[in-house]
Amino acid sequence: MFNFAFSSLHHFLIMDGHGIYVWPVYLVSILLISIGFQVTIRKLKALSKKIKDA
Amino acid sequence: MITSFIHRFSSPKSFVEVTARFFSYVMYLGLFLLATGWIWGLAFAPEDAIQGNSYRIIFLHVPASIFAQLIYFFMAVCALMHLVWRVKLAAYLIKSSAPVGALITFIALFSGSIWGIPTWGTWWQWDARITSTLILFIMYLGIITLHSSFSNAEKADRLMSILVVVGVVNIPIIKKSVDWWSTLHQPASITISEAPSIDLSMLYPLLISISGMGLTLIALGILISKLYIITREKTKKWVQNYV
Amino acid sequence: MINLLTHEAFKLRHRLRAWLGPLLIMVLVLIAFPLSIDVSQYDLNKFYFSIIVVSLLVISFLATESIFSEDYEDGSLEQIYLEEKDFYKVVLTKISIYIFFIGIPMSLIGSLFSFANGVAADETPKIFVILTFSTLILFNIFSFGSALSINKGAMLGVLVSLPLALPVIVLLGRAIRTVQYGEGFIEVLSLLAGVGLILAAVMPIIISATLKTHLE
Amino acid sequence: MQLITASNLGYSINENRLFHNLTFSLETGCGLHIKGGNGSGKSTLIRILLGLTSPSKGEVVFFKPNLNISYLGHKNAIKQYLTPLQNLELIFAPSELDDAMTWMQTFGLTKVQDEMTATLSFGQQKKLALIRVLGKSSDLIVLDEPFVGLDDLSRDLVSQFLCSRLADGTSLVLTSHIDPGIPCVELILSEQSND
């Protein structure tokens, strides 16, 4: 169950030509979710600062 | 009695305080599970006999699709609580879940259509589940736009709850009506009643990714609702003490 | 109630733009469509329906856009609330009047044009009945949308009511196919009628709650 | 005899407090003049009394069930695309129409009664809208800035009429920046700090 499914790292990235579909999907999703976290945290900090100053 | 019970445990203040206590656990556990599930799925799960390696999108697509719907049902429960018992926190939670729902629905649509290129040879099909997911996405956008177009936030809360409740009735109707078209999708891979049609070495990483995705989204939801609650109640004393 | 009906009818009759406008646009679309394609290449009667269905969707939206906002903006809605204490009757009346003045003529235009484009004479009434029940559903849905987005513009109205209207379009397309193939017409028609009547009874309750919230 | 009592009324919008702890009562045949600066919540208070808006705190009690209220707010509630006459026909039952027509005459609107309301001047439209309140009998008259745009003559006419209605036992709630010349209890809404 825990055998590396590809013969080499190169194959892992290419995935028999399916890599160009698989990798962008994961990267874009990770990017979107982390932007979600980032933006919220930044806004939260700005807001806390504003309330403290007021 | 129910009303007083709900009101005692649903003050925005206690929500923010309680969730802050286990926020970091939820987030780190979620990210850890998500990473485990994805690495397992991407690198160690065996190749699919029919679809080849492109099936590996499943570890992202299926969790995203599941939570695209679950978040809406969560919002509908909150909307009922808001309309029936006038629970303020419920409205705050709807408003903060909507962007999370829109985000994950977009990811579900996006990953699905990319996955469609190698498997179906097309990135878009007017198939039942894709169409209903697209409609779900429009519904999320509608809820967000509706709330932000009113200056009186309490009015906006009430109208948004009405829309969410009407929308949740609509979901099964959409499903049934678009099912009338011929459908491209494989039947759902995991069902509770039947034995799963998927190999265990693929099922485990899938289940891990689903739980990881769930916890990560809950963490994001907690964060957004904290931001929103503080924005809404910034004139209250507890907020000024809290920050 | 009769008083309310005559009043609403009177008001709509004096707003030419609100009731004649949508009908004219419908006619225009149905004339423009065959002109915009090469008629000799396509079998028009096969997919002329789809343009009828789509124009029904769009025109229903246009027609109901100002159904409540007109009364809301000039303050009549407050006065109505003070007199009635409840909007159910008013909403029911308004939607009925709109269906009578705009919806039914619209269905008539749609079935006439489908007759002109190759539907047999004895099947045209079937098309009319289907279109009428569809307008019943669509008007209720879009009235809800315009009640939610009262004076906030069409973009919001489209976003909130389109998800509700799309299943109706699927159903309507299905119903028209049964006319073309001559099978299962009664089943689909009863489904349409059932959905329409349920919506016509339930939607006004939801719309009244929405309008009440707007007045606050 | 008491008609309305309001106890501890408070209203806030988006957590900003407009007013709080308002307690007052209105008796039959009495007037209440709500005063306050711009944005102090006069119109909101009126809408709470009408039952349109629910207060954030406190409650309003009506001692007479099915209170017959006539109201005119900022919005005139007349149809621009109809003539004044058609507007009145929409508002009044046929039996009440004579009273309304007398007011048309008093206000000098008879000569424009068949023109489109949209072409009437601001003051004329206001007068037309006021007829809704003046021509009907009711237990309570609620007016939000009724004198805006009226000439002196019409203002006196309206004030006199309201005085006579007060004497008949009708109650009155109004807001106005101009002294209405009507015997009223004053209720002053002052700007409050958020604490």
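None of the values given here were measured: they were computed from a predicted structure. Letters go in sequence order (proteins before strands), and every chain restarts at 1.
- Remark: Phe150(B) CZ to Leu148(C) CG distance equals 7.5 Å, nearest 0.5 Å.
- The environment of Lys155(B) atom NZ is dense: over 12 non-hydrogen atoms of other residues, nucleotides or ligands sit within 6.0 angstrom.
- Across Leu164(C), Ile169(C), Val195(C), the residue that shares the most heavy-atom pairs under 4.5 angstrom with chain B is Leu164(C).
- Counting heavy atoms of neighbouring residues, nucleotides and ligands inside a 6.0 Å radius, atom CH2 of Trp124(B) exceeds 12 of them.
- Atom CZ of Phe185(C) has more than 12 neighbouring heavy atoms from other residues, nucleotides or ligands inside a 6.0 Å radius.
- Between the NZ atom in Lys152(C) and the OG1 atom in Thr145(B) there is a gap of 13.0 Å [rounded to 0.5 Å].
- Across every non-hydrogen atom of Asn170(B) and Pro167(C), the tightest pair is OD1-CG, 3.9 Å.
- Among the residues in residues 134-143 of chain C, none has a non-hydrogen atom closer than 4.5 angstrom to a non-hydrogen atom of chain B.
- Of all residues spanning residues 209-216 of chain C, those with a heavy atom less than 4.5 Å away from chain B's heavy atoms are Ala209(C), Thr210(C), Thr213(C), His214(C), Glu216(C), arranged by number.
- Residue Tyr242(B) places its OH atom among more than 12 non-hydrogen atoms of other residues, nucleotides or ligands, all under 6.0 Å distant.
- Counting heavy-atom pairs closer than 4.5 Å to chain C, the top-ranked of the candidates Leu141(B), Ile143(B), Val169(B), Val166(B) is Val166(B).
- With a 4.5 Å cut-off on non-hydrogen atoms, Leu166(C) touches chain B through its side chain but not through its backbone.
- Counted within 6.0 Å of CD on Glu73(C), heavy atoms from surrounding residues, nucleotides or ligands total more than 12; the atom is thus considered enclosed.
- Contact record, Val160(C) with Gly142(B): CG1-O, 4.0 Å, taken as the closest heavy-atom pair.
- Contact count versus chain C (heavy atoms, under 4.5 Å) is highest, among Asn152(B), Ile173(B), Leu136(B), Leu163(B), for Leu163(B).
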